[in-house]
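The structure appears right after this line, and notes come after that.
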Amino acid sequence: MAMARMNLFSKSLDTFTSVTVTLPDEPDPDNPPALLIFLHGLRHDDTVFTRRVPVEHLSANRNIVCVFPSAARTWYIDRDQHLRWFTWVAEELPALVRATFRVSTKRENTFVAGLSMGGYGAVKAALRHPETFAAALSLSGALDITSPEFLARHPELSCLAAPTISEGDDLFRLIDNRGAGAGTRDATDAVGAGVLGEPPSPISLELSPKLWLTCGQEDPKLADSERFALAARAAGLGVTERYTAGEHDFAFWAPAFEAGLNWIDQQRQ
């Protein structure tokens, strides 16, 4: 495997940003590598995961390109026309990677994953762009960022209340918007009555992404994953759950990443 860190200009952000990429040593010329975009957690950047987890070793011989964008403490939310963090990772970045590296352009070979804050961003990316991502993998994802309880624990999100947080940022509302009527969220439950913006476009029933959710059994985020899995399954989404002993740390995320790569391999067969 080869690893590179790139500094590049993002139109979505209207500034330069950084991305870490791992590449296969000997890609198959007749079988372009799959693409995995991995979104970091709240206190991380594009380098932390590759420094704490043996990404090169775990992804070797899998014919996959792993891309780790930097997004600071943004929760992968579009703030304004110059700080469109969700647009950057879910729309601009996949297109940029495909234009820069030889990777598969097929939906069935394109995945998005993340841990904690990034797990939320990954699931949101797949739900809002099922035409791009075949599946999302959430490692200890913070999957309910608009609940009053969550906002009380994360004051950095308080300033993101209306109009920045929209229905398109609420994963439970996104599921409801599929039209399956899962009944997972009332608008008054999220951030307060009347503050959610315009609803996103309906999610295609034909292109529903698969979801792979994992969390440590001693992790406070476990309830988020279990509750979201139940709602997603009720809405007709394919959900795979993996809950094992562990906390909200790299001791859990390293083996979880390998398990996630194994699951991706199964989806590509």
Side-chain angles (χ1 to χ4, degrees), residues 22 33-41 49 53 55 58-59 62-69 76 89-90 94 104 106-145 171-172 174-175 178 180 182 184 203-205 207-217 219 221-269:
T22 63
L35 171 60
L36 172 63
I37 293 177
F38 193 97
L39 308 181
H40 66 70
F49 198 80
V53 175
V55 174
L58 294 176
S59 57
R62 294 183 189 268
N63 198 32
I64 190 168
V65 170
C66 300
V67 178
F68 302 83
Y76 304 100
V89 299
S104 176
K106 296 180 179 179
R107 173 185 180 269
E108 58 264 32
N109 290 328
T110 306
F111 305 88
V112 59
L115 69 86
S116 195
M117 177 183 80
Y120 156 78
V123 172
K124 181 170 70 169
L127 290 178
R128 288 179 56 176
H129 289 286
E131 77 286 352
T132 299
F133 301 105
L137 296 81
S138 168
L139 285 65
S140 310
L143 303 182
D144 193 1
I145 74 162
L171 302 185
F172 289 84
L174 282 173
I175 290 174
R178 285 181 85 248
T184 57
I203 298 171
S204 168
L205 297 177
L207 292 177
S208 295
K210 294 180 180 179
L211 302 175
W212 185 85
L213 310 179
T214 188
C215 195
Q217 292 171 326
D219 189 328
K221 297 291 191 293
L222 177 61
D224 275 15
S225 291
E226 292 178 325
R227 186 169 63 254
F228 182 76
L230 182 65
R233 193 171 284 115
L237 291 168
V239 182
T240 299
E241 296 174 86
R242 173 188 178 274
Y243 305 131
T244 62
E247 300 184 10
H248 202 76
D249 56 27
F250 280 98
F252 175 81
W253 295 327
F257 181 69
E258 182 175 17
L261 290 176
N262 291 337
W263 183 80
I264 287 175
D265 287 344
Q266 295 172 5
Q267 310 312 303
R268 297 172 62 194
Q269 291 177 359

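Position 1 is the first residue of the sequence; numbering continues from there.
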Quiz item: Where do Pro33 and Val65 come nearest, in terms of heavy atoms and distance?
Solution: CB-CG2, 3.9 Å

Exercise. Please lay out, stage by stage, how Trp253 and His248 fare under the test side chain to side chain contact (heavy atoms under 4.5 Å, CB included).
Key: CA-CA 8 Å; Trp253 295 327; His248 202 76; 3.7 Å; yes

Quiz item: Which residue pairs satisfy the salt bridge (charged side-chain N to carboxylate O under 4.0 Å, His left out) criterion with at least one member in residues 129-138, sequence neighbours excluded?
Solution: none

Exercise. Could I get the full list of side chain to side chain donor-acceptor pair (under 3.5 Å) partners for Asn109, not counting sequence neighbours?
Key: Ser104

Quiz item: How close do Ala113 and Leu36 get, heavy atom to heavy atom, and via which atoms?
Solution: CB-CD1, 3.8 Å

Quiz item: Can you list the residues that meet the ring pair (Phe, Tyr, Trp, His ring centres under 6.0 Å) rule with Phe228, with sequence neighbours excluded?
Solution: Phe172

Quiz item: Which residues satisfy the salt bridge (charged side-chain N to carboxylate O under 4.0 Å, His left out) test with Arg227, sequence neighbours excluded?
Solution: Asp144, Asp224

Quiz item: Can you list every salt bridge (charged side-chain N to carboxylate O under 4.0 Å, His left out) pair that touches residues 109-120, not counting sequence neighbours?
Solution: none

Side-chain atoms of residues 117-126: list all donor-acceptor pairs with protein atoms under 3.5 Å, sequence neighbours left out, distances to 0.1 Å.
unit_1, atom_1, unit_2, atom_2, d
Tyr120, OH, Lys124, NZ, 3.1
Tyr120, OH, Asp169, O, 2.6
Lys124, NZ, Tyr76, O, 2.7
Lys124, NZ, Asp169, OD1, 2.7

Practice problem: Might you work through the side chain to side chain contact (heavy atoms under 4.5 Å, CB included) test for Arg268 and Asn63, ending with a clear yes or no? | Solution: CA-CA 11 Å; Arg268 297 172 62 194; Asn63 198 32; 4.1 Å; yes

Practice problem: Write down the atom of Leu237, the atom of Pro209, and the distance for their closest heavy-atom approach. | Solution: CD2-O, 3.8 Å

Quiz prompt | Gap separating the CG atom of Leu230 from the CD atom of Glu241, nearest 0.5 angstrom | solution = 8.5 Å

Quiz item: With sequence neighbours left out, what residues match Glu108 under salt bridge (charged side-chain N to carboxylate O under 4.0 Å, His left out)?
Solution: none

Self-check item: Residues that Phe257 engages under ring pair (Phe, Tyr, Trp, His ring centres under 6.0 Å), provided they are two or more places apart
Solution: Phe38, Phe49

Quiz item: So, for Phe133 and Ala90, which heavy atoms are closest and what is the spacing to 0.1 Å?
Solution: CE1-O, 3.8 Å

Quiz prompt | For Ser59, side-chain contact (heavy atoms from CB on, under 4.5 Å) partners two or more places apart | solution = Met1, Thr22, Val55, Ile64, Cys66, Leu261

Quiz item: Shortest non-hydrogen contact from Gly216 to Leu222?
Solution: O-CB, 3.8 Å

Quiz item: Is any side-chain heavy atom of Val239 less than 4.5 Å from a side-chain heavy atom of Arg233?
Solution: yes

Exercise. Could you walk me through whether Thr240 and Leu211 pass the side chain to side chain contact (heavy atoms under 4.5 Å, CB included) test, one step at a time?
Key: CA-CA 6 Å; Thr240 299; Leu211 302 175; over 6 Å; no

Quiz prompt | side chain to side chain contact (heavy atoms under 4.5 Å, CB included) between Ser140 and Leu115, intermediate numbers included | solution = CA-CA 6 Å; Ser140 310; Leu115 69 86; 5.7 Å; no

Quiz item: Residues two or more places apart in sequence or in another chain: which of them pass side chain to side chain donor-acceptor pair (under 3.5 Å) with Asp249?
Solution: none

Quiz item: Is the shortest side-chain N to carboxylate O distance from Lys221 to Glu226 below 4.0 Å?
Solution: no

Exercise. Please list, chain by chain and in numerical order, all residues satisfying side-chain contact (heavy atoms from CB on, under 4.5 Å) with Ala135, sequence neighbours excluded.
Key: Phe111, Lys210, Trp263

Exercise. Applying side-chain contact (heavy atoms from CB on, under 4.5 Å), name anything that partners Ala256, two or more places apart in sequence or on another chain.
Key: Leu139, Thr214, Arg242, Phe252

Quiz prompt | Heavy-atom pair with the smallest gap, counting every atom of Pro94 and Ile37 | solution = CG-CD1, 3.6 Å

